Amino acid sequence: MATTSIWAVKTRLDHLVKYVSNKDKTTLMKSVIDYTTNEEKTMEQQFVSCINCMQNDPYTSMVNTKTLFHDEKDILCYHGYQSFMEGEVTPELAHEIGVKLANEIWGNRFEVIVSTHLNTENIHNHFLVNATACMDGKRYCNTKHDRYMMMHTSNELCRQYNLTVIDEKTRNTKSRGQFRNEQSLREKIKTDIDEIIRTSLTVTQLFNSWNLRAMILR
C-alpha cells in the first residue's frame with residue numbers, strides 16, 4: 001500500500017516582484033530541492049533521479065525554464081510524496097516505482113526530481129515538480145483530478161508489483177461512520193498523519209496535506 005499527496009510551494013512576497021531578480025523565491029525552490037535530495041536520507045543520493053532536467057544541477061534547469069517562458073507566477077513548484085507500508089518494499093523497488101509514477105504523470109512535459117528517503121520506518125518517495133512545463137511553458141494546476149490520478153496511478157503500479165492496495169471503490173462507497181468503526185483504517189490514518197508531519201516543510205504544507213487526505217476519505 002502506498003499513500004500519496006502533493007501540494008504547492010509558493011512565497012508570500014508580492015506577485016509583482018519579478019521572479020528572476022527575487023532571491024527569496026529562488027532560494028525557496030532550492031531549499032525544497034536540497035531537502036528532497038538530502039544525501040543522509042537518500043544514501044548519498046544513490047536514490048535520486050531527475051526527469052527532463054540536469055542530474056547534477058536540476059535547480060538551474062528549472063530556473064532556466066521559468067526564465068525562458070517568462071513565468072513569474074507565485075507558485076514555483078509542487079512537492080509530493082508516495083509513502084509505502086513499512087517493510088513492504090526495498091529502497092530499490094520504491095525508487096523504481098517512484099520514477100515510473102513520475103514519468104507516467106509528469107514526464108511528458110515537466111521537470112521532476114524523484115528521491116527515495118530511507119530515514120524513517122516507512123520508505124517514501126519525494127517528488128519535486130516544476131510548476132512550469134519545460135515543453136511549452138504551460139502551468140501544472142494540481143486539480144482534484146490531478147491528485148486523484150496520482151493516487152490511482154500509484155495504486156496501479158502497486159498492483160503491478162503485487163503490493164497491497166486499498167480498494168478505491170470500497171473506500172469511496174463507505175460512509176464516514178463505517179470508516180470510524182474500522183480499527184485498521186484508524187491505524188492507516190495514524191500512519192498518514194505521522195508521514196505528513198515527517199514530510200511537511202512548513203505548517204501550511206502540513207495542513208494542505210491533511211486537508212487533501214480528509215477530502216479523499218469523505
Side-chain angles (χ1 to χ4, degrees), residues 2 4-11 13-38 42 45-82 94-117 124-158 160 199 201 205 208-209 212:
T4 60
S5 183
I6 188 166
W7 56 89
V9 177
K10 56 185 178 179
T11 73
L13 299 178
D14 194 320
H15 292 197
L16 298 178
V17 179
K18 290 190 176 181
Y19 174 83
V20 293
S21 62
N22 188 327
K23 294 182 179 179
D24 290 309
K25 283 194 172 186
T26 57
T27 300
L28 176 62
M29 187 165 70
K30 189 174 188 303
S31 71
V32 180
I33 292 176
D34 290 343
Y35 174 81
T36 57
T37 60
N38 186 298
T42 62
Q45 295 194 344
Q46 180 178 349
F47 299 110
V48 177
S49 296
C50 293
I51 299 171
N52 298 325
C53 53
M54 294 185 292
Q55 180 76 26
N56 63 332
D57 192 3
Y59 168 70
T60 296
S61 293
M62 293 183 181
V63 171
N64 287 344
T65 294
K66 292 184 180 298
T67 302
L68 175 65
F69 292 105
H70 308 287
D71 188 348
E72 302 170 4
K73 297 285 177 54
D74 192 38
I75 294 177
L76 303 177
C77 55
Y78 289 87
H79 181 191
Y81 73 81
Q82 178 189 38
H95 192 70
E96 180 178 335
I97 293 173
V99 171
K100 286 187 175 182
L101 175 65
N103 270 308
E104 187 162 341
I105 298 176
W106 306 294
N108 63 329
R109 293 179 60 219
F110 293 92
E111 295 156 307
V112 189
I113 301 171
V114 183
S115 62
T116 304
H117 284 193
H124 56 282
N125 293 320
H126 283 269
F127 307 98
L128 189 147
V129 184
N130 192 356
T132 313
C134 58
M135 300 302 177
D136 54 18
K138 294 183 179 179
R139 305 271 303 175
Y140 181 69
C141 296
N142 194 30
T143 64
K144 183 177 179 180
H145 176 71
D146 292 325
R147 294 189 292 271
Y148 170 79
M149 288 307 300
M150 182 181 181
M151 177 188 68
H152 177 73
T153 304
S154 176
N155 283 346
E156 288 300 308
L157 287 168
C158 285
Q160 291 177 23
T199 58
L201 297 179
Q205 289 177 3
N208 286 344
S209 298
L212 174 58

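Just so we're clear, the structure is a prediction, and the values are computed from it rather than from any experiment.
Rounded to the nearest 0.5 angstrom, Leu101 CG and Asn125 CG are separated by 8.0 Å. Ile51 contributes atom CD1, which lies 11.5 Å from atom CG of Leu128 (distance to the nearest 0.5 angstrom). Note that the CG atom of Asn130 and the CH2 atom of Trp106 stand 12.5 Å from one another [nearest 0.5 Å]. With rounding to the nearest 0.5 angstrom, the OG1 atom of Thr116 is 8.5 Å from the CD atom of Gln82. Rounding to the nearest 0.5 Å places CG of Leu157 at 6.0 Å from CD of Glu104. Rounded to the nearest 0.5 Å, atoms CE (Met62) and OG1 (Thr67) are 13.5 Å apart.
Between Met149 and Ile105, the closest side-chain pair of non-hydrogen atoms is not below 4.5 Å. With contacts defined as side-chain heavy-atom distances shorter than 4.5 Å, the pair Asn64/Thr60 qualifies. Side-chain contact check for Met135 versus Asn108: every heavy-atom pair is 4.5 Å or farther apart. In this structure the side chain of His117 never reaches within 4.5 angstrom of the side chain of Tyr81, judged on heavy atoms.
Residues Ala131 and Tyr78 come closest through the heavy atom pair CB-CE1, 3.9 Å. The shortest non-hydrogen separation linking Val114 to Gly98 is CG1-C, 3.8 Å. Residue Gly137 comes nearest to Thr132 through the heavy atom pair O-CG2, 3.7 Å, listed as atom of the first residue, atom of the second, then distance. For the pair Ser49 and His95, the tightest heavy-atom approach, listed with the atom from each and the gap, is OG-NE2, 2.7 Å. Closest non-hydrogen pair, Ala133 versus Asp136, comes out as CB-OD1, 3.2 Å.
Aromatic ring pairs are classed by plane angle as parallel below 30°, tilted from 30° to 60° and perpendicular above 60°; the pair His126 and His124 is perpendicular. Note: Trp7 and His79 have tilted aromatic rings, judged against thresholds of 30 and 60 degrees for the angle between ring planes. Using bins of under 30°, 30° to 60° and over 60° for the plane-to-plane angle, the ring pair Tyr140/Phe110 lands in the perpendicular bin.
Although no hydrogens or angles enter the test, the distance criterion places no donor-acceptor pair under 3.5 Å between the side chain of Arg139 and the main chain of Lys73. Under a 3.5 Å cut-off, the side chain of Gln55 and the backbone N or O of Val48 do form a donor-acceptor pair. Counting only distance, with no hydrogens or angles, the side chain of Lys66 and the backbone of Leu76 share a donor-acceptor pair below 3.5 Å. A donor-acceptor distance shorter than 3.5 angstrom exists from the side chain of Arg147 to the backbone of Asn142, with no hydrogens or angles considered. Judged by distance alone, with hydrogens and angles left aside, the side-chain atoms of Asn52 form a donor-acceptor pair with the main-chain N or O of Gly107 at under 3.5 Å. Although no hydrogens or angles enter the test, the distance criterion places a donor-acceptor pair under 3.5 Å between the side chain of Asp146 and the main chain of Thr143.
No donor-acceptor contact under 3.5 angstrom links the side chains of Glu111 and Ser61, judged on distance only.
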